[in-house]
Undergrad: 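Below is a structure I'd like to ask you about.
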Amino acid sequence: MNISHVYSSNPVDRGEKERRDDQWIADKAKDPTSKFLPLKDLNVLVNKGDQDGLGWVGAADLERLGVDASPFFLGSLGGSAHFVIDISAQEKAVSELSEENGFRFVDARSVTEILSGPDSGIVAQARAQINWHNRNGFCAICGGETYVKRGGQVRKCSKCEVENYPRTDPVIIVVVSDGDRCLLGQSRRGRLNRTNTYSALAGFVDQGESIEEAVAREVMEEAGIQVGQVRYHSSQPWPFPSSLMIGCHADAATTEINFDNDEMNDVRWFSRDEVALALEGKNDTLAVPQPIAIAHHLITAWVKGD
Ligand SMILES: [Zn+2]
């Protein structure tokens with residue numbers, strides 16, 4: 001299955017070898033050929049105009065704008081080093097990277113509507129990375145201050161010297177089917193609450209749990225349905241803040257729904273025809289997630305029998 005999900009297809013070479021060379025990173029952070037992607041409050045800088053694209057700036061721009069912040073290395077692309085830099089606290093830069101000057105900051109969800117797939121992959125990496133650095137200034141073991149190593153891939157504790165690595169949180173997302181129908185639900189937490197949008201069931205993989213076990217547990221918790229065989233479909237980075245969505249299909253072993261009122265607003269079986277109409281936007285009583293989400297593609301694959 002070869003689906004290029006939004007937030008995947010990141011073309012950057014993350015450069016494991018270069019990262020380990022502190023001097024190389026320091027030199028590239030000042031190199032005129034290097035490119036820097038500013039983020040403000042986790043929103044991404046884009047060029048405004050006919051050709052919307054990521055708002056890469058140069059080292060000279062950062063200097064002119066008086067930016068005093070550490071860039072983090074994303075990787076290499078087209079022969080130049082690419083970095084992300086958080087300019088939330090840099091007033092001059094924020095005021096000058098404005099609409100008047102051809103820029104704007106866009107949240108990482110809406111930005112995917114104007115970017116190419118590969119650029120959305122860069123956004124996923126950049127947003128997750130800045131968010132992780134913002135939350136990990138202190139060591140989880142001893143409370144000491146941490147500092148950046150390997151261009152941003154590690155934060156090392158200045159006291160106990162433990163190395164902290166960025167987390168990625170696995171989430172299973174599954175379309176369960178009994179053959180002719182599929183099981184979709186509305187989470188109470190989600191943005192779909194109290195609309196006619198239904199989505200695939202999803203939840204975080206617990207510690208010491210396999211993907212198959214997480215699917216079986218989540219479907220039982222959310223819908224009271226037992227599942228049989230679980231099949232992997234595809235995965236999607238989801239930088240809110242740093243999940244990896246693991247898309248699956250599963251066979252239902254039982255059909256009587258008994259959903260958890262605290263967690264779910266509703267869970268139902270839908271026929272293939274109902275879901276097919278919803279995918280075309282022609283079903284008044286059922287909507288399904290947009291193509292930005294892996295759920296859309298899992299549902300589409302089920303309808304087509306893929
Ligand atoms: Zn420590």
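Counting starts at 1 for both ligands and their atoms, in listed order. What you see is a predicted model, and the numbers here were worked out from it, not measured in a lab.
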Undergrad: Which pairs with one or both residues in residues 3-15 pass salt bridge (charged side-chain N to carboxylate O under 4.0 Å, His left out), sequence neighbours excluded?
TA: none
Undergrad: For Glu212 and Val230, indicate whether the former's side chain and the latter's backbone hold a donor-acceptor pair under 3.5 Å.
TA: no
Undergrad: Salt-bridge test for Arg20 and Glu16: reply yes if a basic N is under 4.0 Å from a carboxylate O, no otherwise.
TA: yes
Undergrad: Taking atom types as modelled, is there a side-chain donor on Asp273 or Ser271 under 3.5 Å from an acceptor on the other?
TA: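 The answer is no; no qualifying pair exists.
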Undergrad: Could you please give the number of protein N/O/S atoms within less than 2.8 Å of the Zn ion (ligand 1)?
TA: 4
Undergrad: Looking at every heavy atom in both Arg127 and Ala108, which two are closest together, and how far apart are they?
TA: CD-CB, 3.4 Å
Undergrad: Does Lys156 reach the side chain of Thr146, with side-chain heavy atoms less than 4.5 Å apart?
TA: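 Counting from C-beta outward, Lys156 and Thr146 never come under 4.5 Å.
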